[in-house]
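In what follows, chains carry the letters A, B, and so on, assigned in the order in which the sequence lines appear, proteins first and then strands, with residues in each chain numbered from 1.
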Protein chains: 2
Amino acid sequence: MATGRTHRPATRSRGIPEATVARLPLYLRALTALSERSVPTVSSEELAAAAGVNSAKLRKDFSYLGSYGTRGVGYDVEYLVYQISRELGLTQDWPVVIVGIGNLGAALANYGGFASRGFRVAALIDADPNMAGKPVAGIPVQHTDELERIIQDNGVSIGVIATPAGAAQQVCDRLVAAGVTSILNFAPTVLSVPDGVDVRKVDLSIELQILAFHEQRKAGEEAAGEAAVPAAAGRGDSADQGPDGDVPAVMPA
Amino acid sequence: MATGRTHRPATRSRGIPEATVARLPLYLRALTALSERSVPTVSSEELAAAAGVNSAKLRKDFSYLGSYGTRGVGYDVEYLVYQISRELGLTQDWPVVIVGIGNLGAALANYGGFASRGFRVAALIDADPNMAGKPVAGIPVQHTDELERIIQDNGVSIGVIATPAGAAQQVCDRLVAAGVTSILNFAPTVLSVPDGVDVRKVDLSIELQILAFHEQRKAGEEAAGEAAVPAAAGRGDSADQGPDGDVPAVMPA
DNA sequence: ATGTCTTTGTGAACGCGTGCACAAAGATGG
DNA sequence: CCATCTTTGTGCACGCGTTCACAAAGACAT
């Protein structure tokens, strides 16, 4: 029985909608690209196009952060990059540990997108003793026994789980016990965590299954179309990326 | 779903909400686990717990598929596995190509979750001539030049892009031109595709940034709490974990 | 058969997110 | 300074998704 803690503080001051938060990194990426091209200002229309969203949505998103635009002109690129970075907490350094250095874990360790934005891979951890000491992406893998010490020594609050499904919950428990409060889970399992811990999951298999569903629907529609409806071309409902689109492939668990 | 084709008697499946579709793979996984343990039936409450969702939501989700439960008893596991598999299109074989066999591409090729559910890696494609012929996950890598032929020969309709950001749009265009209508994009770019093509994206960097946001919020709240708020009873409002619902607002400017 | 007990299926209310449309704000030119 | 033009910021309406709460449906015991 779920305790009805419908206790909403409702301190309406600075509540940024979750959907908006999920889009901020998108805007930030587009803005960074503009910044590198030394573009001084950008309109909501242009930036929205670059980020693949609706301009009204973008303006509303920014309105939650404050009024950083100039009417008749647009937004100052550099200033906006700074504001969004700050809002997302990217002006500080986030040490991250990756647990489970298999194919995926190694790929994550090598992934450039981590270091590029305030995230620093503080340690790689694996349960296989044979992996210990081996360098992956220039960082020596450490054994699971060291997990708690590593977390505490480095003040790690974000953990990435890339272990097999069977080990994920156990690893998760240890991470949480050691002080981690945010987890990015690549293992195909539902993790259960105490209140106050944030979990996001990325599941490749699920993404493919969702695609398969739409693919099947398209095929069925097409077949039905050939029998009854003329030319399905440009059907408005074919679930492309834009419309409902920004379902970010990841669900809070 | 922009077009309001509210007029379609349709036995079913015409209007399965996107949010429901995204949860079906989750249910399927939980059901498969039960099936392996030879559990004959399961209640909405139990299954919901296993899948990490609310039981009312689960029942409503299933109601879109039809009435497959028995009141007073629950759902027949095997039957439900079949129905969901069919709905998701997993009873057929989906050939998939992976383009970009770097660290991530190789990890995807080795990922077991693909083959396990009706997905078959039909080919691995990379632009590097040195990779050509090299086996990855037991499959020889082929050169990008072969892309169109491979797609057509194998009747591939689902493509996975794991290239660097710079190459993604070009690869995407070629995939689409060759007949691919569903794309899973791991490159950190917004892909633009014609109507009728489905794109889902998985972006590791974005996920981390979202976690960082919440992490920062937690830290700020905690600090503010120590300074002003008189210790709430056991901490009523910290974070979430459950449905993406909780967004306790409170942000220091 | 009848009553009781369990669990489903769903009507209805609610809240969040989206998109429209427009007034306000500021730039720019005369 | 005034007029005009561009673009932001947002009030509002709408639709989707979630949750509650309960009647209907079936199992099971007597």
Can you say whether a donor on the side chain of B:R71 sits under 3.5 Å from an acceptor on the base of C:dT7, or the other way round?
no

Regarding C:dT18, can its base be found pairing with the side chain of A:K60 as donor and acceptor, where the two atoms are less than 3.5 Å apart?
no

For C:dG17, does either OP1 or OP2 sit under 4.0 Å from a side-chain N or O belonging to A:Y64?
no

Less than 4.0 angstrom between a side-chain N/O of B:R23 and OP1 or OP2 of D:dT18, yes or no?
yes

In residues 34-46 of chain B, which ones come under 4.0 Å of DNA chain C, going by heavy atoms?
B:S43, B:S44

Less than 4.5 Å apart, side chain to side chain, heavy atoms only: is that true for B:F186 and A:L204?
yes

Looking at the side chain of A:S63, which of D:dT18, C:dC20, D:dG9 is the nearest nucleotide?
D:dG9

Nucleotide nearest B:R59 when distance is taken to its side chain, options D:dT10, C:dG17, C:dG9
C:dG9

Sorted by position of nearest nucleotide on DNA chain C, 5' first, the leading residue of A:A56 and A:T70 is A:A56

Select from B:Y75 and A:T20 the residue whose nearest nucleotide in DNA chain C is closer to the 5' end of that strand.
B:Y75

Is the gap between the ring centers of B:Y68 and B:F62 under 6.0 Å?
no

d([atom1], [X]; [atom2], [N]) in whole Å:
X	N	atom1	atom2	answer
A:K57	D:dA13	NZ	C1'	17 Å
A:D76	D:dT8	CG	C1'	15 Å
A:L58	D:dT10	CG	P	14 Å
A:F62	D:dT7	CZ	C1'	14 Å
A:E18	D:dG17	CD	C1'	16 Å

Without swapping roles, check the side chain of B:T32 against the backbone of B:L28 for a donor-acceptor pair under 3.5 Å.
yes

Under 3.5 Å, side-chain donor or acceptor atoms of residues 159-173 of chain A against the rest of the protein: list the pairs with distances, not counting sequence neighbours.
unit_1, atom_1, unit_2, atom_2, d
A:Q169, OE1, A:S192, N, 2.9
A:Q169, NE2, A:D173, OD1, 2.8
A:Q169, NE2, A:S192, O, 3.1

Could you grab the distance from atom CG of B:L47 to atom OH of B:Y75, nearest 0.5 Å is fine?
8.5 Å

Just verifying a value: how many Å separate B:T181 OG1 and B:L175 CG, rounded to the nearest 0.5 Å?
10.5 Å

Tell me the closest heavy-atom pair linking B:R29 and A:I206, and the distance in Å.
NH2-CG1, 4.1 Å

